[in-house]
Undergrad: 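I'd like to ask some things about the structure below.
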There are 2 protein chains.
Amino acid sequence: MFLSKRCLHGLRAVLYLALHDSDRAFTPIQEISDRLNIPFHFLTKILHDLGKADILISSRGAAGGVALQRPASELNALLVIDALEGPHFLRSCVLGFDACSSLAPCALHSQWEAARACILNMFSGESLADIAGRIETEEAFLQALRVERKD
Amino acid sequence: MFLSKRCLHGLRAVLYLALHDSDRAFTPIQEISDRLNIPFHFLTKILHDLGKADILISSRGAAGGVALQRPASELNALLVIDALEGPHFLRSCVLGFDACSSLAPCALHSQWEAARACILNMFSGESLADIAGRIETEEAFLQALRVERKD
DNA sequence: TTATATTCAGACTTTTTTATCTGAATATAA
DNA sequence: TTATATTCAGATAAAAAAGTCTGAATATAA
Ligand code: FES
Ligand code: FES
């Protein structure tokens with residue numbers, strides 16, 4: 001799989017929030033965990049990290065939970081991926097060399113620069129609101145989440 | 001990092017072979033391990049897997065080693081990646097859903113299809129010989145391999 | 001104030017990936 | 001034939017990622 005589970009869980013949770021942004025001030029992590037079938041404590045840590053990355057805000061206590069820090073139209077998937085996979089994930093040399101720059105290019109550097117631009121553009125080119133807008137029925141979205149592939 | 005160590009080791013080893021294809025019939029794994037600074041026993045297993053994937057042939061005993069099964073001009077990086085990361089790595093749904101097809105597309109499916117085409121084309125569009133041809137001095141290639149980044 | 005619902009924080013366990021070790025099988029060369 | 005160089009194969013160990021548990025902190029509502 002291309003993205004780690006940690007990152008997929010984070011992306012899905014954030015899309016869930018984008019779909020339910022207006023329901024109330026904060027959405028409990030327990031609810032997200034239940035609906036998206038993500039282990040509660042694992043999700044808690046992931047969302048906590050998204051908080052540190054200024055993507056979510058949270059509130060403790062009754063009626064607490066998490067919420068998007070900005071409107072879904074001002075957030076994108078790349079922010080989430082950078083926060084959860086680390087900033088090097090899509091930016092380091094595809095052959096694993098120490099630096100990646102056109103000053104000391106590896107044998108795949110120019111190709112990778114082009115492919116990477118495709119990927120970065122895909123993840124940052126549209127907002128979470130745009131992506132969530134394509135989730136036609138929430139039931140279909142949730143249903144799909146319950147079946148996980150094994151690799 | 002985008003590709004696993006396993007896969008990077010395999011790619012580098014195969015590029016090394018592409019550069020030294022004509023030296024002799026077989027190249028000992030020990031030599032590749034020494035030159036590219038890859039743990040010997042780990043590399044042995046990786047190359048064994050590339051053998052099962054019909055990318056390498058091998059010969060045991062003195063003067064044995066491994067060699068490309070076909071000329072470097074008839075092999076590409078995608079074959080190596082598929083063998084070492086598994087066939088799902090770049091082909092499954094980017095949001096981790098069970099199936100990836102335009103019949104049941106996720107909210108990022110069409111974007112991912114385009115980005116994926118970029119990546120697959122990058123890895124399969126040119127042969128190992130083409131890539132190796134851009135490695136200007138072997139010293140620079142080897143030097144770069146000795147410094148590993150930490151993520 | 002008290003009970004309850006929630007995140008925060010870190011320790012812990014399990015699983016997967018990465019790496020190492022050992023011995024057997026096999027080919028070459030002296 | 002014998003010594004040596006090598007891959008093959010599987011067991012084991014170490015490190016990293018994924019997931020679980022527990023208790024503290026904090027906010028709300030009765
Ligand atoms: S140096 Fe390798 S991809 Fe840039
Ligand atoms: S269904 Fe998600 S990328 Fe194709």
Side-chain angles (χ1 to χ4, degrees), chain A residues 1-13 17 24-34 36-53 55-69 81 83-86 88-89 96 148-151, chain B residues 1-13 17 24-34 36-53 55-69 81 83-86 88-89 96 148-151:
Chain A
M1 238 178 325
F2 179 65
L3 298 168
S4 68
K5 294 220 167 154
R6 192 178 137 73
C7 189
L8 290 178
H9 290 331
L11 275 175
R12 290 166 174 191
L17 287 173
R24 75 227 102 152
F26 295 98
T27 304
I29 298 178
Q30 187 68 62
E31 173 185 323
I32 307 176
S33 161
D34 288 344
L36 303 190
N37 210 24
I38 301 170
F40 173 73
H41 293 286
F42 193 22
L43 181 58
T44 284
K45 281 168 64 166
I46 294 167
L47 297 187
H48 190 209
D49 288 345
L50 291 180
K52 288 191 222 153
I55 293 168
L56 301 181
I57 50 174
S58 63
S59 168
R60 295 200 268 198
V66 294
L68 299 177
Q69 190 166 79
I81 293 170
L84 296 177
E85 299 284 14
H88 292 304
F89 177 60
E148 297 276 304
R149 72 174 320 130
K150 297 301 174 297
D151 57 3
Chain B
M1 240 180 324
F2 179 66
L3 298 168
S4 68
K5 294 221 168 151
R6 194 178 137 72
C7 190
L8 290 178
H9 290 331
L11 275 175
R12 290 166 173 192
L17 287 173
R24 74 226 104 150
F26 294 100
T27 303
I29 297 178
Q30 186 68 61
E31 173 184 324
I32 307 175
S33 160
D34 289 344
L36 303 191
N37 210 24
I38 302 170
F40 174 73
H41 291 101
F42 192 22
L43 181 58
T44 284
K45 282 169 67 165
I46 294 168
L47 297 187
H48 191 209
D49 289 344
L50 291 180
K52 287 191 222 152
I55 292 168
L56 301 180
I57 50 174
S58 62
S59 169
R60 294 202 268 199
V66 294
L68 299 177
Q69 190 167 80
I81 292 169
L84 296 177
E85 298 283 14
H88 292 304
F89 178 60
E148 297 276 305
R149 73 172 322 128
K150 297 302 174 297
D151 57 4

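In what follows, chains are A, B, ... by sequence order, proteins preceding strands, each numbered from 1.
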Undergrad: Which listed nucleotide (dT26(C), dA25(D), dA18(D)) is nearest to the side chain of K5(A)?
TA: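 Nearest to the side chain of K5(A) among the choices is dA18(D).
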Undergrad: Rounding to a whole Å, what distance do you find between K52(B):NZ and dT7(D):C1'?
TA: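 Rounded to whole Å, this separation is 13 Å.
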Undergrad: For a quick check of understanding: with a heavy-atom distance under 4.0 Å over all strands, which category does G51(B) fall into, base, sugar-phosphate or nothing?
TA: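 Counting heavy atoms under 4.0 Å across all strands, no contact is made by G51(B).
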Undergrad: Kindly assign one of parallel, tilted or perpendicular to the pair F2(A) and F2(B), based on the angle between their ring planes and the thresholds 30° and 60°.
TA: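 Geometry flag for F2(B) against F2(A): perpendicular rings.
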Undergrad: Expressed in angstrom and rounded to an integer, what is the separation of R60(B) atom CZ from dA3(D) atom P?
TA: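 My rounded result for the distance is 21 Å.
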Undergrad: Verify the contact: side-chain N or O of S59(A) to OP1 or OP2 of dT6(C), cut-off strictly under 4.0 Å; return yes or no.
TA: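 For dT6(C), OP1/OP2 do not have a side-chain N/O of S59(A) under 4.0 Å.
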Undergrad: Take R6(B) and D49(B), measure what side chain to side chain contact (heavy atoms under 4.5 Å, CB included) needs, and give me the verdict at the end.
TA: CA-CA 11 Å; R6(B) 194 178 137 72; D49(B) 289 344; 3.0 Å; yes
Undergrad: What is the distance, rounded to the nearest whole Å, between atom CZ of F26(B) and atom C1' of dA29(C)?
TA: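 That distance rounds to 17 Å.
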Undergrad: CD of Q69(A) versus P of dT7(C): gap in Å, rounded?
TA: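 Result: 16 Å.
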Undergrad: What's the closest nucleotide to the side chain of H41(B) if the choices are dC8(D), dT18(C), dT22(C)?
TA: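 So the nucleotide nearest the side chain must be dT22(C).
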Undergrad: Rounded to the nearest angstrom, tell me the gap between atom CG in L84(B) and atom C1' in dT18(C).
TA: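 Value for this atom pair: 13 Å.
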Undergrad: Would you mind classifying the nucleic acid contact of I29(B) as base, sugar-phosphate or nothing, using non-hydrogen atoms under 4.0 angstrom?
TA: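 Sugar-phosphate only.
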Undergrad: Hey, are the side chains of L56(A) and Q69(A) touching, using non-hydrogen atoms and a 4.5 Å cut-off?
TA: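 In short, these two side chains do not touch, never coming nearer than 4.5 Å.
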Undergrad: Both H48(B) and A62(A) contact DNA chain D. Which one's nearest nucleotide lies toward the 5' end?
TA: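 Its nucleotide being nearer the 5' end, the pick is H48(B).
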Undergrad: Without decimals, in angstroms, what is the distance between D34(B) CG and dA5(D) P?
TA: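 After rounding, the reported distance stands at 14 Å.
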Undergrad: Suppose we define a pair by two distances each less than 3.5 Å, Watson-Crick or G-U wobble; what does dA27(C) pair with here?
TA: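 dT4(D) is the nucleotide pairing with dA27(C).
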Undergrad: Taking CG from N37(A) and P from dG19(D), how many angstroms apart are they, rounded to a whole number?
TA: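 The distance from CG of N37(A) to P of dG19(D) comes to 11 Å, rounded to the nearest Å.
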Undergrad: Please pick, from dC8(C), dT20(D), dT18(C), the nucleotide with the shortest atom-to-atom distance to any side-chain atom of F42(A).
TA: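 For the F42(A) side chain, the nearest candidate turns out to be dT20(D).
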Undergrad: Considering non-hydrogen atoms only, spot the tightest contact between G10(A) and L84(A) and give its length.
TA: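 G10(A) and L84(A) have their closest heavy atoms at CA-CD1, 3.8 Å.
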Undergrad: Among dT7(D), dT7(C), dA19(C), which nucleotide sits nearest the side chain of F40(B)?
TA: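 Given the options dT7(D), dT7(C), dA19(C), the side chain of F40(B) is closest to dT7(D).
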Undergrad: Find the distance D49(B):CG to dA9(D):C1' and express it as a whole number of Å.
TA: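 It is 12 Å, rounded to the nearest whole Å.
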Undergrad: Atom CG in L47(B), atom CD1 in I38(B): separation rounded to 0.5 Å?
TA: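 Result: 8.0 Å between the selected atoms.
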Undergrad: Report the base-pairing partner of dT18(C) (Watson-Crick or G-U wobble, both distances below 3.5 angstrom), or none.
TA: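 Checking every strand shown, dT18(C) finds its partner in dA13(D), with both distances under 3.5 Å.
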Undergrad: Less than 3.5 Å between a donor and an acceptor, one on the side chain of K45(A) and one on the base of dG19(D), is that the case here?
TA: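 Pair found.
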Undergrad: Using heavy-atom distances to pick each residue's nearest nucleotide on DNA chain D, tell me which of A63(A) and L43(A) is more 5'.
TA: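 Taking each residue's closest nucleotide, the earlier one in sequence belongs to L43(A).
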